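These notes concern the structure reproduced below.
This one's a predicted model, so the numbers in the text were calculated from it and none came from an experiment. Naming convention: chains lettered A, B, ... in sequence-line order (proteins, then strands); numbering from 1 in each chain. Quick note: numbers below take in every heavy atom, side chains included, and nothing from hydrogens, waters or symmetry partners.
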2 protein chains.
Amino acid sequence: MTDLSNDIFRTINSVRNGTSSEEVSSQLREMIHRGELRPGDRLPPERDLAKLLGVSRPTLRAAIRSLAAVGVLQSRQGAGTFVVKTEGSPSLDSSPLRLMASLHGFTSGEMFEARRSLEMAIAGLAAERATSDHLASLSEEIAGMYASLDDPEQFLVHDMRFHQAVAAASGNRILTSLMNMVAAILFDVRRKTVNRAKDLKESAEMHRHVYRAIRDRNSEAARNAMRDHLVLAQKAQESEEPNGGDNGNGDGQSWRT
Amino acid sequence: MTDLSNDIFRTINSVRNGTSSEEVSSQLREMIHRGELRPGDRLPPERDLAKLLGVSRPTLRAAIRSLAAVGVLQSRQGAGTFVVKTEGSPSLDSSPLRLMASLHGFTSGEMFEARRSLEMAIAGLAAERATSDHLASLSEEIAGMYASLDDPEQFLVHDMRFHQAVAAASGNRILTSLMNMVAAILFDVRRKTVNRAKDLKESAEMHRHVYRAIRDRNSEAARNAMRDHLVLAQKAQESEEPNGGDNGNGDGQSWRT
DNA sequence: CAGGCGAAATGGTGTGACCTTTATGCGAAC
DNA sequence: GTTCGCATAAAGGTCACACCATTTCGCCTG
C-alpha cells in the first residue's frame, strides 16, 4: 500500500483540480459505477474508511455528505452509512428541481406542462408494452378509486399508485424517475386541496379512459387520455389554490440588509 | 407491504426533526425559496454565517456542502460561497441520474428512449410556440451544420446548439433541464465517436426536417422528425460503440470485510 | 427461555488551529 | 500618471481531538 507517499501522489492528482473531498467523492462514485458498492451495502465506519482513503474524517464526511445530498448514500446515526436501496421504482431527489424553480421563478404552469409531457410519453409507452400483470395493477387501482369516492385521502393514494403503475408498465425507469421528480413538487400543493366528490368521480372516469387505451394497445389514445386527465387535474387544482402556497415562517432570520 | 408509493413523495422538511445540519440546510433553502438569496449572491463568510445561524462551522459547512452537491451553491476557496448563477438555460446536475443508472443497471436503450421522449415533447411544444427569433437561431445552427460537414467536432457543436435552441423555443425550462440532464450522460459517449461524413450529411438533413416542421407550426410532424432523427442517431452511436450499459459487477471486494 | 439493560459501535457536533487560494490595496518602477 | 508586483488580509479547505446522541447487540437477570 502506498500510504506514506501521499505527498507525491497528491501533487500528481492535483492536476485534476479536485479538492481532497471532491477526490474522495469521485472515488466513491467510481466504486458505485464499477459495481463495488451496491444498493443496500454498508460502508465501513467513517473512522476506518477515512484511514483507508488517506484523508481525515471531516474530509470523508464532506464527500459522504455530497453523495447523501443527491440521494445515493444515507447515513443513520448509530447504524452506519448505506448505499440507498430503493424498493420499487428508483426516484431522484426533487429538491434540486424545487430549488431551481425557486431561483428562476418557474411557474406552476410550466411544472404542470412538464408533468403532462412526461406522463403522456409514459402512457404511450405503457400502451405498447403493458403486460397482463401491469393491466391487473392498473385495474385494481381504478377499482380502488371508485371504492373511495367519499374518501379523498384514500382516493389520492389510489391515484398516485395508478400513475406509478402506468410508469412501471412503460418499462422506462428513467422517465419514471423524472416523472416522480416533477410530481413530487406538485404533490405538495395537491395534498392540501380537498377534492369534491364530483371531481373525484370525473377523475376516476378519466383514469379509466387511460386504462382502457393502454389495455387496447392504443398508444395515441393513451396519450390523449392522459393529457385530458392532467389538463383537468391542473384546472381543478389551480381553481382551488389560486395562490402560490408559501408557508409563513416569519422568523426573519435574514442576514441580508 | 405495497404502500411504498408513499415513500416516493416524502419531503425532507417534513416533521422529521432534522439534525442540525439538515435544519440549517432547510433554512438556506427557505431563504432561496423566499427570494432572500438570489442567483449570483455571495453568502457571508462561513465563520460569520455560522454564528448568525447559531451553529458551528462544520455544521454549516455540511449544510453548504449538501446544497453545493445539488448545484445550488458553489464555493471558491479564497473568494466565498455563491448562489449559482446560470447563464443560459438552467441545468440540473446529471450525476444523480448517472449514479442511479450505475446502481440499477439502466440500459443505454432506456436512456436513449428517455431522451427521445423528452425531445419529442419539446419539439412538439416548440412547433406551437417558436418565435421568429427562435426560428432564426434554429436556421443558423442548421447552416452551421452544413458548413462543417467535414469537421465532426464543429458539427457536434452546432448539433447541440440546435437542440438547445429547440428547447428554448419550447418555452418550458423544466423539460429543458431534464433533457440536458439525460443528454449530458449520453454525450460522454458520443463525443468519442467519430462520425463519418455521410452520417453528418444525413444528420443535417434530419435536423432540417425538424426545423421545417417547427417553422410550419406542425407539432406532430416536429415530433416525428425529432423521433426519426434520434432513432437514427441512436443506431449510429450503438453501431460504433457496441458495448452496452451492463455493469460487469466483477465482485470487487476491495475494502469490504 | 425471555426480556431488559448496558456497553460498544457509529454517525453528529463542537472547538480550535493551520494551510491554500483568492482578492485587494499600497508602493515602487517605468 | 500608469502599471506591475508583492505584501497582507479574507475566505474556504483540511486536520486533529474531544465529546454527544443514537443504534445495535450481547450479556445478564428473572
Side-chain angles (χ1 to χ4, degrees), chain A residues 3-28 37 40-85 255-256, chain B residues 12-13 15-28 37 40-69 71-85 255-257:
Chain A
D3 51 2
L4 293 181
S5 50
N6 274 350
D7 296 349
I8 297 178
F9 290 138
R10 277 279 182 76
T11 310
I12 296 176
N13 285 342
S14 69
V15 178
R16 274 183 72 86
N17 81 57
T19 61
S20 283
S21 66
E22 285 178 359
E23 183 61 28
V24 173
S25 180
S26 291
Q27 284 185 253
L28 292 176
L37 288 178
D41 280 359
R42 190 183 117 177
L43 271 63
E46 291 182 353
R47 293 165 178 82
D48 298 350
L49 186 53
K51 242 171 202 171
L52 283 173
L53 297 178
V55 297
S56 70
R57 195 173 157 220
T59 300
L60 171 65
R61 279 181 59 77
I64 290 176
R65 171 73 54 168
S66 293
L67 293 175
V70 297
V72 174
L73 296 182
Q74 185 180 17
S75 294
R76 276 161 32 210
Q77 188 173 179
T81 301
F82 301 83
V83 179
V84 164
K85 182 175 187 175
W255 43 261
R256 269 158 63 90
Chain B
I12 307 286
N13 52 4
V15 189
R16 188 112 175 102
N17 60 346
T19 60
S20 279
S21 66
E22 284 178 359
E23 181 62 28
V24 173
S25 179
S26 290
Q27 283 185 255
L28 292 175
L37 286 178
D41 280 0
R42 187 181 119 178
L43 272 63
E46 291 182 353
R47 294 165 178 83
D48 299 350
L49 185 54
K51 240 170 203 170
L52 284 173
L53 297 177
V55 297
S56 69
R57 194 172 160 224
T59 299
L60 171 64
R61 279 181 60 77
I64 290 177
R65 172 72 55 167
S66 292
L67 294 175
V72 174
L73 297 181
Q74 184 179 18
S75 294
R76 274 157 39 207
Q77 187 174 179
T81 301
F82 301 83
V83 179
V84 164
K85 183 173 187 175
W255 43 257
R256 268 159 61 88
T257 55

Mind calculating the distance between CG (B/D48) and C1' (D/dA9) to the nearest angstrom? 14 Å
Closest approach of A/V70 to B/A69 (non-hydrogen atoms, all atoms of both residues): CG1-O, 3.7 Å
A/R42 CZ to D/dT23 P: how many Å, rounded? 14 Å
Could you work out, with salt bridge (charged side-chain N to carboxylate O under 4.0 Å, His left out) as the rule, every residue matching A/R57, not counting sequence neighbours? A/E46
In 5'-to-3' order, the base (B), backbone-only (S) or no-contact (-) status of each nucleotide in nucleotides 13-18 of chain C, using a 4.0 angstrom heavy-atom cut-off, is BSB-BB
To the nearest angstrom, the CZ-C1' distance between A/F82 and D/dT22 comes to 13 Å
For B/E46 and D/dA11, what is the distance between atoms CD and P respectively, to the nearest whole Å? 11 Å
Inter-residue atom distance A/I64.CD1 - A/L60.CG, 0.5 Å rounding: 4.0 Å
Working to the nearest 0.5 angstrom, can you tell me the gap between B/E23 CD and B/L28 CG? 10.5 Å
Please list each protein N or O that sits under 3.5 Å from an N or O in nucleotides 23-26 of chain C, with the distance.
unit_1 : atom_1 : unit_2 : atom_2 : d
C/dA23 : OP1    : B/R76  : NH2    : 3.3

Taking atom CG of A/L53 and atom OG of A/S20, what is their separation to the nearest 0.5 Å? 11.0 Å
Grab the CG-P distance between A/L53 and D/dC15 for me, whole Å please. 11 Å
Rounded to whole angstrom units, what separation is found between the CD atom of A/Q77 and the P atom of D/dT22? 6 Å
Whole-Å distance, A/I64 CD1 to C/dG12 C1', equals 12 Å
Table please: side-chain donor-acceptor pairs of residues 74-83 of chain B below 3.5 Å, with sequence neighbours left out.
unit_1 : atom_1 : unit_2 : atom_2 : d
B/S75  : OG     : B/T81  : OG1    : 3.0

Report yes if the side chains of B/L43 and B/L37 come closer than 4.5 Å at any heavy-atom pair, otherwise no. yes
Quick check: do A/S21 and B/R65 have side-chain heavy atoms less than 4.5 Å from each other? yes
